[in-house]
Amino acid sequence: MTKYSMAVDLDRCQGCRACMTACTIENNTVQSNHWMYVFRFEEGTFPETEMSFLPRPCQHCDNAPCVKVCPVGSRFKREDGLVLTDADRCIGCRYCELACPYGVNYFNWQKPEKGQYDVVDWKDDDLEAVTGGLIPPYRNPDLDELYGEEQRHTAGGGHAKGVIEKCTFCVHRVEKGLEPACADTCPTNALVFGDIDDPESPISAYLKDRSPWQLLDEAGTKPNVYYIGGKPPNKELKEIERPKATV
Amino acid sequence: MLKVNRRKFVRGSTTVAGSAIVADKFLFGSFSGVTAAQGPEVAGPVEDFVATTCWIGKQDCGMIARRIDGRVVKFEGNPTNPRNVGTLCPKGQAQIQAVYDPNRVKWPLVRTNEKGVTGEWRRASWDEALDMVADTVSEVRERDPKKVLWQKGRSKAKDFYDDAFVKSTGASKLGHGAFCSDAGYRALEYTLGTHAVLHPDFRYCNYMLSWGWNITNAGGNKFCWLTWPRHMVEARDRGMKITHLDPRLRSAGPFADTWLPIRPASDLAMALALCHELIALDYLDRPYLSTYTNAPFLVKPDGMVAKVTIGEGEEAEEVGLVWDEEAGEAVPFGETDNPALEGEFELDGEMVKPGFQVFKEHVEENTPEWAAELTGLSAAEISKVAREFGENAQIGSTIVVDGVEVPYRPVGIMAYHMAQQEMGFQTARAMTMVPMLVGAVGAAGGQLSDFTWKIHKNYAKFEKFTVNDPPYDFVLNGSKYFPINTGFPGMVAKVMLDPERYGVEELPEVAILHMVNPLNSFPSQKEYLDSYGKFKFVAVISPWLSETADYFADVVLPAATIEKYEGPISATDQYVDAVTLRIPPMEPLFESRGEIDIYMDLCERLGVLFGDDGYLSVVNKELKLVDTEFALPLDQMPEVRDIFDRWSKSQGIEEGIAFFEDPDNGTFVKGPVSPTKMYGYVAETPFGGALHRLYGDSLLDAQNQMKEKGAEEIYWQDYTALPTWRSPTMDSSPSEYEFYLISYHQIEHKQSRTSFVPMLAELAPGSYLDMNPESAKRLGIDDGDEITVESQNAITGETRSLVTKAVYCEAIRPDTVAMPHHFGMWTHPQNKGQGASANEIYFTGEGYMTNTADQSFHVKVKVTKGSEA
Amino acid sequence: MRRTITIGLVSSGLALMVIGFLTAAPWGTDSVDNSNPVITGAPMLFILGIISVIAAAVLYEVLPDRHR
Amino acid sequence: MAVETRPDVGLPQGVGRLTIRWKAFLLVALAVLGFGLFAYGYEQANGMSVTSLRSTGTMGGATWGLYIVMVEYFIGVSLAGVAIAAVSRVFRIIELRPIARIAELLTVASLMVGLIAVIIDLGQPIRGIKNMLLYARPQSAFFGTFTLVAGGVFLTALAYLFLGGRRDAAKLAEIPSRLQWFHRLWASGYTDSAEERDRHRRVMFWLSVGIVPLIVIALSTEGLVFGVQVGRPGWFGSLQGPDFLVLAAASGLANLLILSAIIRRALGDWNRIDAEVFKWLGRFLLVAASAALYFMIVELFTLLYATPSNERLLADALLKGTYAWIFWLSIGLMTLGLALLISQAAASKWRIGTLVVASVAISTAAVAERYLTVIPSQTHANLLPYEPGSYFPNWVEFSVVAGLFAFGALLIGLFMKAFPIIPMTDALILQDDGVEATNA
């Protein structure tokens, strides 16, 4: 069996958020929909201050609460571990968003082209001459394809107003044999991706001599994201440098 | 073209993807890639890849552009590039939004309204715009080419811009170094001879002083960002410990094993105290000090080194005298293996001491207790750093690296913009002395600076300064003000506003601004607002309408961003040597053009493109094509691609430029850097032949000359043979200006050229002031409150203020406030509401610059709630 | 007749509900199969079942007496 | 069959007679509904971004807002109606007989509005209806809403209303009027024979017996929508179901009382709702509101002792933070309502005006309490340390909700002009001995 998982090495993470931008570009997600999110935390009082970072992709849980609550089977778990959303099936009830303890689900609050960083006019005539009017101009055609044995519309985001979307572990890349965009770009290789059931895979090798922990273990979600180093987040942490949310 | 196997695989599968159209079915039997499951007769979009290099940052990481039907859809790191090994930072990823930004300057613009206010423009043809520039420049050049000022913020093909254009036109040149780490560069050029500042040998280092290094947000010595953090995390995996000296912890994030929140501008005191402790604890590498530094040179009571001339005629050279204890006499340096480092001796009726003895006495009073007061740290903490540094240095040990035995001193400092303070030059010198004392300079695991031990020409120049009488040129070269002179746009602005004050007669008349935005990116905005209007003509070459262009440009020439050929670009990560080029992944957007094209056209119009000493001739020289079969003909305008094709072939790459365009290559990897290149001790000529200047008698000599020429104390006070502590000028601001204002770099941004990139502006949206909650609460300021920050110039009494919002931050000293420096722009719609830049309230000039004409980024401020003030 | 129709509707309603339930998406969350009903439209059967049970009650009362 | 008629009008209780007052009501209701429709149209055209709703976590918003609050509220209200109707029949509480139809109607109307609110909250409403029919999954708590609430309770309530009204319809069908066709249709051949009465009694009894547990189960699934959420402190817990029911009972009874009082005034001379009805409603409401307040106080104490954790953050937001005013308002109003009821019970004097005031207080408290169930857990109780956010509905949401209320009122108002709102006769209370009880 194949089971795609990700390791996040907090001893290496610089909190730079390159993964977030790579994800946005690869998946054409709209502004403020951070499929990958990197927390930056401050803790304690001066001078006993500590800082930490925490990347938060979808955990692709084995016991995924979002899958359980989805009323129409738009959210589903594949045999290879990926938890995906069928953009054509979703009815936009946002139940998954509330069921998820990690906050990884994002809704398309408006027409996707409006949310594509529209402070810039992508419909500019001179630009259209180059891009053919595509919004965003870096639109990735892979995202229109159907994936997996199930042949469902699961890759990428920003497909339609009123549907939910979340991290897919870049299903369209994984099926090509590529890493997810976040892991691919990570400047310090703090994100390691692979098939955890394959002892030869990069992730298995990486986790072998390390002692990983999982996010919100107590929630019983059985995540497929493993954290190394750092420590589980607590409520004493103060989030800093939160991105601006614009819908 | 597509080679999936060049990317990192998720699993061991191999896939056949030889064609541009991919329909592989290997995992789930599904169609993936870019072809829709449509009939075979309908051609799907065509996918291909082009290798190129990042444009948005400083270190030009290798990238591969993924294209669909020729449209770039993503940039990814190029795995063959040692510098970034297939990765990219947030800016590298997000720049695709910048490339497609319709707010770029689309075509040449000519101003239609007066200057000094927001510009109104008409569209012009390239011919018209270039003619306008050429006509004005020609007229001025005929009178005096030096009156043409070429100013850059960053140049990404030095050979073509800084060298070929500037040399062939004879223009004056100003860079951005004075706002960067140039005071540090000058200090290292002076002290070690290398053109660099400080970084440790991460491959072996066990204990690093991260001194003001913005690890998680900004570059270190030589690199933009990404490469150093890669090395750092690997060193930490090995067990390297980091002691972080910075008023803010945010810079190191979780990577500081120890955080010492040092008071701004007190680094010199800290460095001197470390030297004091290392000497007191006898962590000294005496062989290094006696052999490779001028520490044994005998210093006379007047502070000058006792020298003799050896050799005759052309061969004659001055050599410092050292004390041969066995012989009991002074001998020229090099004639004894064991010169005295300490003691006092009589020479020609005068009492002389070795430089080291002078240094030892100099730092005698710089105890940890003394420094504790100044740095805001405890004496115990300071002492502990010195002890750890000394212990970890393992003085006397060696290690074998690639078969070469190298002294092993696994301790070092990473410091980059530390020099951006009033005493930046001497601070950087004192900081360099810390690893010098333990012999870590150029040792394995120890203190490195440049990637090789190539000695910069300034090393020899600084042996003897010549201070002239006025008149001076407008950069004040050779003046009594700055015997060491970085070329400081802030000072030039001040000179332009009052030339007589500085004994200057001739001012520049025309400015060509290359990727530079002084109005926004340089501190002390006011000086630039006041002075740039004095140019008769300003031409701006830039992809975006900079704020400076908005107010002062007569003509704006739209440069391409990444869509152009540029280079050659070093791709080394310091351990592997490599070189690459920028390849246009698509045609320049709109009517923009690559700068090399622009300069060649301009030079042709100026009549300096062809012939000897013309632009092409300089290019040949800089690219080392002279007298090779690849040299450019000097009588015809080449295609830019052809220039790089010739250069590629001259490098022994048979395919020429196609090699760099190939997504499977893109980087010409020359191989690992040999230990004999990297480590000064084992270099062919150890340390490149430069004797390290612990004692700087030529600085003292410069001081004496400056005094003689009547320079005021503020200019000469830091020209001392040894780094000497004094209170920074800003400390004499009235006590109500209770905070030190510092500004910093955020990882999402690069200077002032990214804050309008929507994806980056989303992550780091705007200006704010970090305040320790303790201080903020005392002033009745809540988290998120609107506040006024007012700075005061301790010399002129001038005050400046800005409005921003307070952000509570437990990771900053209570006496320090800090702002990110990327905002305060107004020409792009995304800039709306981003808030002010600290640059608006910094000062430049006397008291707020170094003795080497470099900007200080420090000022005392007061903070009040609200925006009434 | 009334009785037959009622019992028929109630039992077929219950049967439809059971069938609808059984042919809806299988329990479990570990497979793509769990996200699709065994028979597309199974929930409709379930609803029809409910309608039919309630309709039984209504019809039971509303059906005219034969002798009239 | 003695049908009560008046010589000057054909139909009883003002049915078919459009008074100025009613027309004014119609106009206002249509105007509010119209504006609600406009607001919803605006929302549909631009996306839900025009509401205050935002994603939880990084956006710091609430993804379920006023719409879901009102879904919970309306579905809760619907409980009381049909429950009162059923209880009055099963236990033969003759005094409540006059408002049995009001109760049924309230159930139908509020369920309808509540289910529309569910659709309104969907990002893809059309797809929502289609995909629920094609793909609904029993594992999802929504399945219960979809099948049991939308299907079961709603249809049973409709059946109830229909069957219970046949006898009146048959009588009205004899009176010539523009609505005669409608009354004939409703009567569906009813002849008031003994067998028919007998059958009716049986059916109503079984329906009543069946519907009460159905309601309990169906509405508990509404509580489960929240209760099964492990990932959301403040929601997860076994009390969500009972809590939902108790508050539903209180808000439903309060609304039934208010509605009865309004109809009492509206009917004027036709009124047959006497003080006895309100006494009963008052007593029921007293019990329900006491239980609701009990749950609220239990919750308050739990909050006071919340450990430093997600619950603490939530408690702070409720007790002294963003939501404190709503929290204390709901407790205050519930206490006020209860105090008014207790004082009346103690004095054994039930005044309709006071009861209405108490009911308005309790109903408002219920909306506030639903709000506090739905919202703060989203903005303040994320398990990961997201910065707390905030949510308060904007004009679009308020307008849409006002439109929903107007739609519900319109349903009841229109019904009143088509059919007697107070049962003229009720077969259930007819004894086998053939003694015919009629209204009056």
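First the proteins, then the strands, lettered A, B, ... as listed; each starts at 1.
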### Partners passing side chain to side chain donor-acceptor pair (under 3.5 Å) against Gln834(B) (at least two apart in sequence or in another chain)
Asn831(B)
### Query
What part of His828(B) gets closer than 4.5 Å to chain A, counting heavy atoms only: side chain, backbone, both or neither?
side chain
### Summary
In terms of heavy-atom pairs under 4.5 Å with chain B, the winner among Met20(A), Glu50(A), Gln31(A) is Gln31(A)
### Task
Let me know if Pro229(B) has heavy atoms under 4.5 Å from chain A in its side chain, its backbone, both or neither.
both
### Message
Looking only at heavy atoms and a cut-off of under 4.5 Å, which of Ile215(B), Leu260(B), Asn103(B), Thr216(B) has the most pairs with chain A?
### Response
Thr216(B)
### Query
Side chain, backbone, both or neither: which part of Trp228(B) has a non-hydrogen atom closer than 4.5 Å to chain A?
neither
### Task
Among Phe590(B), Trp259(B), Phe255(B), single out the residue with the greatest number of heavy-atom pairs under 4.5 Å to chain A.
Phe255(B)
### Message
Is Leu589(B) close to chain A through its backbone or its side chain, or both, or neither, when contacts mean heavy atoms under 4.5 Å?
### Response
side chain
### Query
In terms of heavy-atom pairs under 4.5 Å, which option from Ala252(B), Pro765(B), Ala94(B), Ala811(B) contacts chain A the most?
Ala811(B)
### His749(B) side chain to Thr754(B) side chain, donor-acceptor N/O pair below 3.5 angstrom
yes
### Query
Considering only heavy atoms, which portion of Gln97(B) lies under 4.5 Å from any heavy atom of chain A: side chain, backbone, both, or neither?
both
### Query
Does any heavy atom of chain A fall under 4.5 Å from the side chain of Arg250(B), the backbone, both, or neither of them?
both
### Query
In terms of heavy-atom proximity below 4.5 Å to chain A, should Cys61(B) be classed as side chain, backbone, both, or neither?
neither
### Query
Hey, are Glu43(A) and Thr49(A) close enough side-chain-wise for a donor-acceptor pair under 3.5 Å?
no
### Message
Quick test of your reading of the model: are Asp88(A) and Arg152(A) salt-bridged, counting only N-O distances below 4.0 Å?
### Response
no
### Task
Please state whether the side chain, the backbone, both or neither of Arg71(B) comes within less than 4.5 Å of a heavy atom of chain A.
side chain
### Query
Between the side chains of Gln93(B) and Thr185(A), does any donor sit under 3.5 Å from an acceptor?
yes
### Query
Say you draw a straight line from OG of Ser592(B) to NZ of Lys106(B); how long is it, rounded to the nearest 0.5 Å?
11.5 Å
### Task
May I ask you to name which of Arg17(A), Arg242(A), Glu241(A) has the most heavy-atom pairs under 4.5 Å with chain B?
Glu241(A)
### Task
Return yes if a side-chain donor-acceptor contact under 3.5 Å exists between Trp213(B) and Asp246(B), otherwise no.
no
### Summary
Applying a strict 4.5 Å limit to non-hydrogen atoms, the region of Ala764(B) in contact with chain A is neither
### Task
Could you check which of Leu760(B), Leu249(B), Asp237(B) has the highest count of heavy-atom pairs closer than 4.5 Å to chain A?
Leu249(B)
### Task
Find the one option among Val72(B), Ile812(B), Val807(B), Asn84(B) whose heavy-atom pairs under 4.5 Å with chain A are most numerous.
Ile812(B)
### Query
Is there a donor in the side chain of Tyr808(B) and an acceptor in the side chain of Asp770(B), or the other way round, less than 3.5 Å apart?
no
### Query
Backbone N or O of Leu127(A) within a donor-acceptor pair of the Thr131(A) side chain at under 3.5 Å?
yes
## Note on the structure
Among Gly44(A), Pro187(A), Cys19(A), the residue with the most heavy-atom pairs under 4.5 Å to chain B is Pro187(A)
### Message
If the condition is side chain to side chain donor-acceptor pair (under 3.5 Å), which residues does Asn217(B) pass it with, not counting sequence neighbours?
### Response
Asn214(B)
#### Entry: Donor-acceptor side-chain pairing of His153(A) and Asp86(A) below 3.5 angstrom
no
### Task
Using a cut-off of under 4.5 Å on heavy-atom pairs, state which of Ser32(A), Ala155(A), Gly15(A) scores highest against chain B.
Ser32(A)
